[in-house]
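Index from 1, following the sequence. Both ligands and their constituent atoms are indexed starting at 1 by order of listing.
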Amino acid sequence: MPEETITLRVDRYRPEQEDEPTAQTYEVPYNEDWVVLDALNHIKDQMDGSLSYRWSCRMGVCGSCGMMINGEAKLTCATFLRDYFPGEITVAPLDNFPVVRDLIIDMDDFMEKLVAVKPWIIRDEEKPIAEGEYLQSPEELADYKQFSQCINCMLCYAACPVYGPETDFIGPAALALAHRYNLDSRDEGNEERKEAVASEAGIWNCTFVGECSEVCPKHVDPAAAIQRTKVATTGDWFKSFLIPGRKK
Ligand code: FES
């Protein structure tokens with residue numbers, strides 16, 4: 001049992017007993033190999049079983065353990081205690097989302113934004129299954145691969161200075177995902193996505209602060225995806241005037 005401890009100041013919100021979140025402090029054994037999620041699991045298992053939070057994979061894949069750590073949006077399974085020790089660590093639910101309980105946020109708005117950009121392969125016409133799969137070269141895969149690495153952790157929404165005050169904003173991850181499908185050589189859904197993507201609530205609401213890309217644990221770079229979509233959309237708009245009959 002390690003002798004040293006580290007202080008975790010954790011946001012608590014139990015709607016049946018309090019109107020506002022409160023902070024609760026826990027002294028947790030300090031182990032330099034532990035991540036913040038290990039410390040939360042220690043609290044849950046050994047100290048206070050009432051603490052609520054989400055997690056699943058503990059390996060940076062499922063995207064469910066995102067929280068504000070000392071004010072920064074991070075995956076708790078990838079954030080080491082040693083980076084803060086001997087200082088205190090504050091743990092709070094992701095910014096910009098309603099809190100359901102303790103560290104658990106309501107994801108409904110994010111899920112609606114994802115669906116709005118139709119993040120799946122859209123074809124004008126599906127070929128018969130008997131004709132086989134839609135082949136793609138390594139170069140065509142490379143075009144969009146970076147933007148396909150999103151794990152839907154919502155850190156980019158918690159960090160985005162636009163999404164907080166303007167909840168209509170479709171937001172970084174969903175727009176990056178739309179870009180990912182628009183770049184996919186098998187996809188023909190660019191026009192269908194435009195209504196959501198090339199709108200005031202879509203790319204044009206982004207002020208290119210770039211915080212989304214800073215906090216992204218998978219280096220998806222949603223800010224770049226949004227700026228590239230702005231350029232492509234503007235180009236399409238000009239071409240629609242130069243080439244009669246071309247869709248805007
Ligand atoms: Fe799955 Fe952290 S627990 S990403």
Side-chain angles (χ1 to χ4, degrees), residues 6-13 21 24 26 28-85 87-115 117 119 144-160 163 171-177 180 211-223 225:
I6 186 165
T7 304
L8 261 69
R9 183 179 296 273
V10 181
D11 268 21
R12 302 299 310 269
Y13 174 56
Q24 191 160 348
Y26 301 93
V28 176
Y30 172 67
N31 183 325
E32 68 172 6
D33 293 330
W34 275 13
V35 289
V36 172
L37 180 60
D38 293 323
L40 292 174
N41 286 343
H42 177 86
I43 294 169
K44 177 92 176 168
D45 293 344
Q46 309 289 333
M47 304 169 77
D48 183 352
S50 72
L51 182 64
S52 301
Y53 52 97
R54 287 194 182 104
W55 72 285
S56 181
C57 71
R58 202 194 169 276
M59 54 192 292
V61 172
C62 73
S64 62
C65 72
M67 297 172 208
M68 304 304 293
I69 306 298
N70 286 19
E72 292 181 290
K74 289 182 179 288
L75 294 181
T76 55
C77 71
T79 305
F80 284 89
L81 300 184
R82 62 175 178 255
D83 292 335
Y84 301 87
F85 184 79
E88 183 177 285
I89 297 177
T90 62
V91 186
L94 285 180
D95 280 352
N96 298 334
F97 292 95
V99 179
V100 176
R101 184 177 195 85
D102 292 341
L103 301 165
I104 297 175
I105 50 126
D106 183 340
M107 305 163 55
D108 286 356
D109 185 61
F110 173 65
M111 300 307 289
E112 286 169 18
K113 302 286 169 58
L114 273 187
V115 172
V117 302
Y144 68 83
K145 189 171 178 198
Q146 173 190 1
F147 303 111
S148 71
Q149 304 297 302
C150 176
I151 57 172
N152 297 331
C153 64
M154 295 170 283
L155 301 195
C156 54
Y157 284 74
C160 175
Y163 180 66
L175 290 170
L177 208 49
R180 170 252 178 275
E211 284 296 318
C212 52
S213 297
E214 290 289 317
V215 300
C216 178
K218 295 296 175 185
H219 310 294
V220 170
D221 201 352

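Residue contact check: Gly60 has heavy atoms under 4.0 Å from atoms 4 (S) of ligand 1. Near Val61, the atoms of ligand 1 lying under 4.0 angstrom from a non-hydrogen atom of the residue are 4 (S). Applying the 4.0 Å criterion to heavy atoms of Ser56 picks out, from ligand 1, the atoms 3 (S). Below 4.0 Å from some heavy atom of Cys57 lie the following atoms of ligand 1, by number and element: 1 (Fe), 3 (S), 4 (S). Using a 4.0 Å cut-off to heavy atoms of Cys65, the atoms of ligand 1 that qualify are 2 (Fe), 3 (S), 4 (S).
Using a 4.5 Å cut-off on side-chain heavy atoms (C-beta onward), Arg12 and Ser50 make contact.
For atom 3 (S) of ligand 1, the closest non-hydrogen atom on the protein side is Arg58 N, 3.1 Å. At the top of the distance list for atom 4 (S) of ligand 1, counting protein heavy atoms only, stands Gly63 N, 3.2 Å.
For Cys153, every N, O or S atom stays at 2.8 Å or more from atom 2 (Fe) of ligand 1. Residue contact annotation: Cys77 places no N/O/S atom under 2.8 Å from atom 1 (Fe) of ligand 1. Among the atoms of Cys62, an N, O or S atom is found under 2.8 Å from atom 1 (Fe) of ligand 1.
Taking the six-membered ring where the residue is Trp, Phe110 and Tyr157 present perpendicular rings, their angle passing 60° and hence far from 30°.
Judged by distance alone, the side chains of Tyr26 and Asp48 do bring a donor and an acceptor atom under 3.5 Å apart. Counting only N and O atoms by type, the side chains of Asn41 and Tyr53 include a donor and acceptor under 3.5 Å apart.
For Cys77 against Gly60, the heavy-atom pair with the smallest separation is SG-N, 3.3 Å. Ile105 and Leu94 make their closest contact through CG2-O, 3.8 Å (heavy atoms, listed as atom of the first residue, atom of the second, distance).
A ring-centre distance under 6.0 Å is not found for Tyr84 and Tyr30.
Here the options are Leu37, Thr76, Leu75, the test is side-chain contact (heavy atoms from CB on, under 4.5 Å), and the partner is Arg58; only Leu37 passes.
Of all the heavy atoms of Ile151, none lies under 4.0 Å from any atom of ligand 1, so neither backbone nor side chain is involved. With a 4.0 Å heavy-atom cut-off, ligand 1 is reached by no atom of Ala78.
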